[in-house]
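Heads up, the thing below is written out as structure tokens.
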Amino acid sequence: MGIYEELQARGLIAQVTNEPEIRELVNHGKATFYIGFDPTADSLHVGHFMALCLMKRLQMAGNRPVVLIGGGTGYVGDPSGRSDLRSMMTPEIIQHNCDCFKKQMERFIEFGEGKAIMVNNADWLLKLNYIDLLREIGCCFSVNNMLRCECYKQRMEKGLSFLEFNYMIMQSYDFYYLFQHYGCNMQVGGDDQWSNMLGGTELIRRKLGKDAHAMTITLLMNSEGKKMGKTASGAVWLDPNKTSPFEFFQYWRNVGDQDVLKCIRMLTFLPLEEIDKMAGWEGSQLNQAKEILAYELTKLVHGEEEAQKAKTASHALFVGGGDDENMPATELTDAQLADGSIGVLELLVACGLAASKSEARRLVQQGGVFADGEKVASIDAAFPAEKLRIGVKLRKGKKVFHKAVLKA
RNA sequence: GGGGGAAUUCCCGAGUGGCCAAAGGGGACAGACUGUAAAUCUGCUGUCAAUGACUUCGGUGGUUCGAAUCCACCUUCCCCCA
């Protein structure tokens with residue numbers, strides 16, 4: 001089984017420009033492919049992670065990865081999959097985000113001589129001259145065709161600025177540039193990038209009369225058709241300071257039944273035979289699959305040690321015992337106490353379990369708050385200093401645990 | 001450049017002088033049921049020293065006893081004409 005077949009079996013390939021040629025290319029390690037990452041935040045998220053994994057798989061099969069950091073395209077902003085205008089980022093923020101991306105990527109992909117390379121499109125895009133670009137590249141694009149692209153169609157009602165309209169041209173130019181300077185013959189990206197990527201292959205064909213390829217990765221959707229890797233409070237980040245390994249673990253531990261196998265197949269590096277065995281699992285046995293998924297992913301992103309810790313903590317909290325070693329905790333100071341104790345409401349807010357005291361009040365009144373295993377019955381409940389010094393284990397709802405400790 | 005419309009709470013969306021902290025839906029959160037899943041039902045969803053008070057309907061001023069609602073200007077967006 002070649003790498004192409006494996007990717008297919010894992011459900012990772014969404015669309016390709018020319019299947020036989022791409023199959024030939026990647027199965028024989030003859031592809032030099034690039035994936036672009038726009039510095040839209042100061043950490044990578046799950047979507048990026050999928051792309052990096054794909055990169056790694058292709059690299060293991062002998063192909064050469066090129067990581068493109070969008071230091072230049074970040075100035076423009078990709079309208080794909082967006083219903084509104086992206087807020088414009090300052091050069092400082094873009095630079096900062098680029099640096100953060102670089103650091104995180106080095107954990108997943110090996111860079112260096114004969115290995116992966118990293119380039120930044122700021123190096124060539126920022127130098128472009130408007131008139132030259134229009135004459136050289138602009139003439140190759142049909143506005144009529146561009147407007148037919150899905151990524152713009154969605155924006156025709158809400159408004160699309162000329163700035164964003166140019167994103168496709170920038171991305172196409174990247175491919176054109178990499179094709180010439182790095183021998184890059186394939187672009188890989190999320191499925192929402194399809195039209196932007198075709199812009200590149202088209203440009204190469206028109207300008208150079210040569211064929212380049214494009215392959216898109218299936219977007220990871222849950223059974224409700226929503227993009228995975230998002231929580232109510234935002235993306236699931238790879239940066240442990242933004243999404244702790246425990247939270248990361250729990251996110252995957254809690255995916256729906258219908259989505260577990262798909263996630264394992266697409267995201268982990270477990271052998272396919274092993275995954276196929278799980279396909280028959282049902283009911284509570286599927287719970288095991290979720291743990292495997294959570295463990296494997298946490299291991300990939302945060303390392304084996306953190307994965308083990310997260311798993312242990314999860315077991316302690318949900319299966320029983322009372323191990324609170326890896327529970328998220330908040331340290332209180334004497335200043336937060338009044339008359340040697342602190343009320344539940346204040347405590348919940350201090351620990352970040354409630355956004356306001358009103359919310360805390362609601363939680364307690366609805367019976368959703370537990371302290372050391374006991375339901376907190378009244379909003380007037382208070383915790384004395386002696387108790388806090390030992391540590392109070394708080395539970396909000398069924399799944400949110402937090403420890404509050406008074407600093408000695 | 002000319003004309004017409006729009007902006008409401010996390011999102012969609014009602015509200016055209018007092019009965020508005022603002023209908024309805026979605027989401028989120030909590031309870032019951034469960035397997036840390038899904039479905040379902042219930043509650044809840046601005047803040048606070050909480051039968052009350054305070055802040056919020058794009059922004060800034062104004063009219064009024066009283067403004068999400070009326071007026072002026074500004075900002076952003078949409079539609080039509082060029």
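Order of the sequence lines sets the chain letters (A, B, ...), proteins ahead of strands, with each chain counted from 1. All values reported here derive from a predicted model rather than from experimental measurement.
- Here B/U36 presents its P atom at 12 Å from CZ of A/Arg395, a figure rounded to the nearest Å.
- In this view, A/Phe175 and A/Tyr34 satisfy the ring pair (Phe, Tyr, Trp, His ring centres under 6.0 Å) rule, not counting sequence neighbours.
- In the region residues 334-356 of chain A, proximity to RNA chain B at under 4.0 angstrom, judged on heavy atoms, holds for A/Ser356.
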Restricting to nitrogen or oxygen on both sides, can you table the protein-nucleotides 33-35 of chain B pairs closer than 3.5 Å?
| unit_1 | atom_1 | unit_2 | atom_2 | d |
| --- | --- | --- | --- | --- |
| B/G35 | N1 | A/Asp257 | OD1 | 3.4 |
| B/G35 | N1 | A/Asp257 | OD2 | 2.8 |
| B/G35 | N2 | A/Asp257 | OD1 | 2.6 |
| B/G35 | N2 | A/Lys290 | NZ | 3.0 |
| B/G35 | N3 | A/Asn287 | ND2 | 3.4 |

Identify each atom pair where a protein N or O and an N or O of nucleotides 52-58 of chain B are less than 3.5 Å apart, giving names and distance.
none

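- A salt bridge is absent between A/Glu273 and A/Lys277: the closest approach of a Lys/Arg side-chain nitrogen to an acidic carboxylate oxygen does not fall below 4.0 angstrom.
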Would you tabulate the pairs of protein nitrogen or oxygen atoms and nucleotide nitrogen or oxygen atoms of nucleotides 7-11 of chain B closer than 3.5 angstrom?
none

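- With sequence neighbours left out, A/Arg107 forms a salt bridge (charged side-chain N to carboxylate O under 4.0 Å, His left out) with no residue at all.
- The salt bridge (Lys or Arg N to Asp or Glu O under 4.0 Å) analysis of residues 38-52 of chain A, with sequence neighbours excluded, yields the pairs A/Asp42-A/Lys242.
- Residue pairs that meet the salt bridge (Lys or Arg N to Asp or Glu O under 4.0 Å) test with at least one member in residues 342-352 of chain A, sequence neighbours left out, are A/Glu346-A/Lys357.
- Not counting sequence neighbours, A/Tyr295 has no partner by the ring pair (Phe, Tyr, Trp, His ring centres under 6.0 Å) test.
- For residues 252-264 of chain A, the pairs satisfying salt bridge (Lys or Arg N to Asp or Glu O under 4.0 Å) are A/Asp257-A/Lys290, A/Asp259-A/Lys262, with sequence neighbours left out.
- Applying the salt bridge (charged side-chain N to carboxylate O under 4.0 Å, His left out) test to A/Glu291 and every residue at least two apart in sequence or in another chain returns A/Lys311.
- Every residue was checked against the salt bridge (charged side-chain N to carboxylate O under 4.0 Å, His left out) condition with A/Lys56, not counting sequence neighbours, and none meets it.
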